[in-house]
Protein chains: 2
Amino acid sequence: MKQTGDLNLVKKINKSIVLQHIRSTSPVSRARLAELTGLTKATVSSLVAELIESRLVDEIGAGESSGGRKPVMLLFNGTAGYAVGVDLGINYIWAALTDLNGNTVEQYRLKHNNTSVESVIADLIACIREVAGRAPDSAYGIVGIGIGIPGFSDERGNVLFAPNLGWENVPLQQLIEQEFAIPVVIDNEANAGAVGEKQFGAGQEAAHLVYVSIGMGIGTGIIIKDELFRGSSGFSGEMGHISIQYDGKPCRCGNAGCWELYASENALLEQARAVMPGGDVSVETLIRLAEEGDLAAIECFERLGRYLGIGIVNIINSFNPELIVIGGRLAEAERWLRGAVHEVVERRSLPYPRAQLQVQFSALGAGATVLGACSFAIGKFFASTKVSVE
Amino acid sequence: MKQTGDLNLVKKINKSIVLQHIRSTSPVSRARLAELTGLTKATVSSLVAELIESRLVDEIGAGESSGGRKPVMLLFNGTAGYAVGVDLGINYIWAALTDLNGNTVEQYRLKHNNTSVESVIADLIACIREVAGRAPDSAYGIVGIGIGIPGFSDERGNVLFAPNLGWENVPLQQLIEQEFAIPVVIDNEANAGAVGEKQFGAGQEAAHLVYVSIGMGIGTGIIIKDELFRGSSGFSGEMGHISIQYDGKPCRCGNAGCWELYASENALLEQARAVMPGGDVSVETLIRLAEEGDLAAIECFERLGRYLGIGIVNIINSFNPELIVIGGRLAEAERWLRGAVHEVVERRSLPYPRAQLQVQFSALGAGATVLGACSFAIGKFFASTKVSVE
DNA sequence: CAACTTTGTAAATTGATTAAACAAACTTAG
DNA sequence: CTAAGTTTGTTTAATCAATTTACAAAGTTG
């Protein structure tokens with residue numbers, strides 16, 4: 001039984017359209033909203049009255065007249081509620097508190113080295129409690145919690161498999177919801193990053209974008225028609241395991257020549273160890289060396305950039321996105337990766353899909369995941385009947 | 001200015017839901033439709049009355065009683081109109097006429113060897129006129145024309161580039177619409193095939209499917225959430241140009257090691273020429289040889305199957321579809337390809353996205369493109385205000 | 001200051017869905 | 001064969017969100 005149409009649905013659609021316009025165009029008047037949406041002034045007035053009633057919109061006084069009565073300007077009330085977002089890493093937990101506009105107001109970071117379920121969950125709860133406790137008073141309080149995890153989850157928020165944590169079948173959403181009694185959303189770290197870039201970063205104008213998260217492996221988050229694409233069973237975006245060399249190095253996933261064997265942090269470090277024997281090799285030291293002009297380090301990054309480009313060409317030719325955002329910790333090495341990536345993309349991708357394409361490095365950096373996790377929570381809040389239709 | 005909600009929209013949504021249920025469940029009664037859709041019996045009655053009025057639905061008399069008054073059974077009237085679908089090949093044109101259910105009622109095939117725009121357009125118009133002329137009388141007549149082309153097109157139906165025809169910037173939709181004065185839809189051959197399989201073939205249950213068309217090259221059509229995914233500018237699905245060997249054979253597209261250099265008809269023939277020198281080599285002869293048990297021919301197919309599998313693994317890991325359909329002329333060699341493809345997929349793809357996945361060879365064969373083209377026309381007809389809301 | 005604009009609200013109208021009641025048609029138990 | 005109960009599909013009145021039309025309030029401009 002699908003969603004059928006009735007008057008309730010109509011109101012929900014229109015209210016959501018009006019709210020979206022206020023969010024993106026504020027400050028804005030009722031009359032201008034009527035123009036923008038195509039609804040009548042009367043309808044807009046009525047919907048705005050309810051939005052003000054529910055504390056999501058505020059009147060902030062008169063605006064500039066354009067030859068008649070002055071408009072009353074409306075503002076989206078971003079501080080009507082707050083969301084918690086968590087980047088659950090392999091050896092760290094990073095929690096942030098944002099308002100409904102996605103502005104970060106509190107942060108908390110924790111290192112952990114015990115990846116057992118019990119230990120991590122305890123740390124996770126502590127982190128959430130920490131930032132949530134610091135939330136200012138507001139109409140809706142904490143509206144939800146979003147968590148980005150290094151692994152796979154299903155639509156009910158169970159962590160199916162997180163290789164680097166050694167987790168299998170952990171009902172994470174249920175556990176956290178029990179603890180805090182507010183809605184919790186679980187998703188892959190790269191998916192969260194993609195949403196973060198889409199909502200608050202480089203991708204705000206792009207309907208179709210692919211976020212490439214370079215860490216120990218490579219994960220990708222795919223946004224299609226402004227929505228996260230999760231695949232038929234929630235496992236889309238494992239493009240790190242696209243083979244770019246069919247008879248290449250064997251990967252523990254069963255495939256051979258996987259992209260992430262050539263273009264991840266691990267691949268970078270492996271290469272660096274080979275050409276700079278004996279040295280203490282880490283991403284930080286390599287960046288420092290490159291900054292000092294060390295040619296070997298720079299060549300390591302450029303080599304990585306070329307492999308990165310090869311996989312990105314595959315993404316371009318198959319998805320034809322408007323934007324590809326390169327994120328993760330290696331995005332900090334943009335200076336040395338950029339040239340190689342663009343050169344390979346220019347040379348190897350098909351001209352038509354490339355024509356309107358942009359390849360950018362993340363502006364949000366590692367924060368994309370946390371912000372995306374917040375956005376999950378905010379999105380769930382707005383999708384819930386609580387605000388859409390009272 | 002987006003689509004806002006009003007009473008018209010509500011009716012359009014509900015009418016479309018009712019019609020869809022009648023299409024998929026017929027024969028069906030009004031009372032059962034009310035149960036299925038969640039609408040009230042009164043609403044269903046009113047909408048059905050309009051659908052009968054517009055000739056899309058017929059009453060076919062009483063059904064079996066289940067302990068009360070006998071229901072009046074309703075049937076979708078598939079012959080209320082007809083659609084023309086065309087597979088525009090490199091050296092052939094194949095046109096079909098189907099009813100609104102997608103049942104083929106007429107066909108016409110034409111060989112051509114002059115690929116100039118004028119010559120092909122003339123042949124195309126002749127083919128369409130031929131099958132359209134044989135259409136039975138009906139309420140709506142020919143509702144539209146769909147054309148699958150071997151190349152790229154934009155949303156206005158201009159052929160941007162068709163390498164094997166040597167076409168660039170041909171306003172095909174406009175030309176054909178001028179000639180016949182009915183709606184025309186142009187899309188890529190692989191996209192048409194994907195829609196054909198989705199509507200009438202193996203993919204009717206699958207919300208996410210990828211159709212792999214193996215011809216002289218490899219094209220793919222991607223269906224996401226029951227809808228064709230065209231990418232941000234209409235060039236998605238060029239997965240034939242995914243590199244599966246980053247330092248492999250150079251491709252004329254600018255990339256190296258493209259999948260289609262290893263797994264297309266051309267690749268098969270090239271390999272066959274290498275191992276069976278002097279022989280007259282074509283797909284037909286290779287299939288005949290394989291049927292006769294020729295080991296060299298069989299090995300050629302199996303080798304192709306393994307390369308096919310490598311690319312399919314990439315599709316699985318990136319898209320996580322429910323279904324992958326292998327189509328095009330080489331689908332006829334299923335007997336010898338099947339084993340190798342499945343073996344590679346089992347061994348190399350990630351377990352989670354593979355779990356609920358099916359890899360099938362096309363049941364519609366080369367007909368998928370023609371049927372998909374018809375489906376474009378039928379879909380446009382139903383989307384038009386003509387029937388949705390009068 | 002009069003004429004014109006612009007903004008936002010109010011009242012009456014429209015139209016699709018729903019809920020409730022009902023008539024017609026049919027089955028079944030005794 | 002009859003009475004009771006079921007199922008189907010229509011009718012009628014009520015609901016409710018948007019629209020249309022009108023208008024009051026608050027500006028600007030010459």
Side-chain angles (χ1 to χ4, degrees), chain A residues 1-19 21-22 25 27-53 57-74 388-390, chain B residues 1-19 21-22 25 27-53 57-74 388-390:
Chain A
M1 195 166 94
K2 295 177 197 169
Q3 174 65 50
T4 55
D6 61 2
L7 289 179
N8 236 349
L9 176 73
V10 168
K11 189 166 186 179
K12 194 167 153 181
I13 291 173
N14 290 340
K15 201 166 176 177
S16 155
I17 290 175
V18 169
L19 182 57
H21 274 96
I22 296 176
T25 323
V28 64
S29 70
R30 291 170 175 82
R32 179 93 184 99
L33 282 173
E35 276 178 46
L36 286 171
T37 59
L39 296 164
T40 60
K41 290 187 291 175
T43 303
V44 170
S45 270
S46 147
L47 294 174
V48 164
E50 292 185 20
L51 289 169
I52 289 175
E53 174 77 17
V57 169
D58 284 334
E59 291 186 336
I60 54 159
E64 285 298 294
S65 161
S66 58
R69 172 175 162 183
K70 279 186 183 168
V72 177
M73 302 313 274
L74 303 167
S388 300
V389 181
E390 62 235 292
Chain B
M1 195 167 94
K2 294 177 197 169
Q3 173 65 50
T4 56
D6 61 1
L7 289 179
N8 236 351
L9 177 72
V10 170
K11 189 168 187 178
K12 194 167 153 182
I13 290 173
N14 291 339
K15 202 167 176 177
S16 155
I17 290 175
V18 168
L19 182 57
H21 274 97
I22 296 175
T25 322
V28 64
S29 70
R30 290 170 176 82
R32 179 94 184 97
L33 282 172
E35 276 177 46
L36 286 170
T37 58
L39 297 165
T40 60
K41 290 186 291 176
T43 305
V44 170
S45 271
S46 147
L47 294 173
V48 165
E50 291 185 21
L51 289 169
I52 290 175
E53 174 78 17
V57 169
D58 284 335
E59 292 185 336
I60 54 158
E64 285 296 295
S65 162
S66 59
R69 173 175 161 183
K70 281 185 182 167
V72 178
M73 302 312 275
L74 303 167
S388 299
V389 181
E390 62 235 290

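Labels below follow one simple rule: chain letters A, B, ... track the order of the sequence lines, proteins then strands, and each chain is numbered from 1.
When the side-chain nitrogen and oxygen atoms of A:Arg30 are compared with OP1 and OP2 of C:dT9, one or more of them lie within a distance under 4.0 Å. Taking 4.0 angstrom as the limit, A:Thr43 places a side-chain polar atom (N or O) nearer than this to OP1 or OP2 of D:dT19.
The nucleotide whose nearest atom lies closest to any side-chain atom of A:Thr40 is, among D:dC16, D:dA18, D:dT19, D:dT19. Distances were taken from every side-chain heavy atom of B:Leu47 (C-beta onward) to each of C:dA10, C:dG8, C:dT17; the shortest belongs to C:dT17. Proximity note for B:Ser45 (side chain, C-beta onward) versus C:dG15, C:dT27, D:dG9: the nearest is D:dG9. You'll find that the side chain of A:Ala31 is closest to C:dG8, out of C:dT17, D:dT8, C:dG8.
Atoms NZ and OG, from A:Lys41 and A:Ser29 in turn, are 10.5 Å apart once rounded to the nearest 0.5 Å. In this structure, OG1 in A:Thr43 is found 12.0 Å from CG in A:Leu33, a value given to the nearest 0.5 Å.
For D:dT8, the base has a donor-acceptor partner in the side chain of B:Arg69 [N/O atoms by modelled type, under 3.5 angstrom]. Between the side chain of A:Lys41 and the base of C:dG8, at least one donor-acceptor pair of N or O atoms lies under 3.5 Å.
Along DNA chain C, the nucleotide closest to A:Ser66 and the one closest to B:Gly67 are compared, and the more 5′ of them pairs with A:Ser66. Both A:Asn14 and A:Gly68 lie near DNA chain D, and the one whose nearest nucleotide falls closer to the 5' end is A:Asn14. Residues A:Gly5 and A:Arg32 each lie close to DNA chain C; by heavy-atom proximity, the contact nearer the 5' end of the strand is made by A:Arg32.
One can place CG of A:Leu7 at 17 Å from P of D:dA14, the figure rounded to the nearest angstrom. Rounded to whole Å, the distance from CD1 on B:Ile17 to P on C:dA16 is 16 Å. Separating the NZ atom of A:Lys70 from the C1' atom of C:dT6 is a distance of 13 Å, rounded to the nearest angstrom. Computed from coordinates, the B:Leu9 CG to C:dT14 P distance equals 22 Å when rounded to whole Å. Per the geometry, CE belonging to A:Met73 stands 15 Å off P belonging to C:dT6, to the nearest Å. Counting to the nearest Å, the P atom of D:dT10 and the CG atom of B:Leu74 are 10 Å from each other. The interatomic distance linking A:Leu39 (CG) with D:dA17 (P) rounds to 14 Å, in whole Å. Put simply, CD1 on B:Ile13 is 14 Å from C1' on D:dA17, counting in whole angstrom units.
When every heavy atom of B:Lys70 is checked against every heavy atom of B:Ala62, the shortest pair comes out as CD-CB, 3.9 Å. In terms of heavy atoms, B:Val48 sits closest to B:Arg30 at CG1-NH2, 3.8 Å.
Put simply, the side chain of B:Asn14 gets close to the backbone of A:Gly5: a donor and an acceptor are under 3.5 Å apart.
Among the protein residues, B:Ser65 comes within range of the sugar-phosphate backbone only, with heavy atoms under 4.0 Å from sugar or phosphate atoms but none that close to a base. Within 4.0 Å of B:Val72, counting heavy atoms only, lie sugar-phosphate atoms of the nucleic acid but no base atom. Counting any heavy atom pair closer than 4.0 Å across all strands shown, A:Ser29 reaches sugar-phosphate atoms only and no base atom. Across all strands, A:Ala42 comes closer than 4.0 Å to base atoms (heavy-atom distances).
Side chains of B:Leu51 and B:Leu19 form a contact here, defined as non-hydrogen atoms less than 4.5 Å apart.
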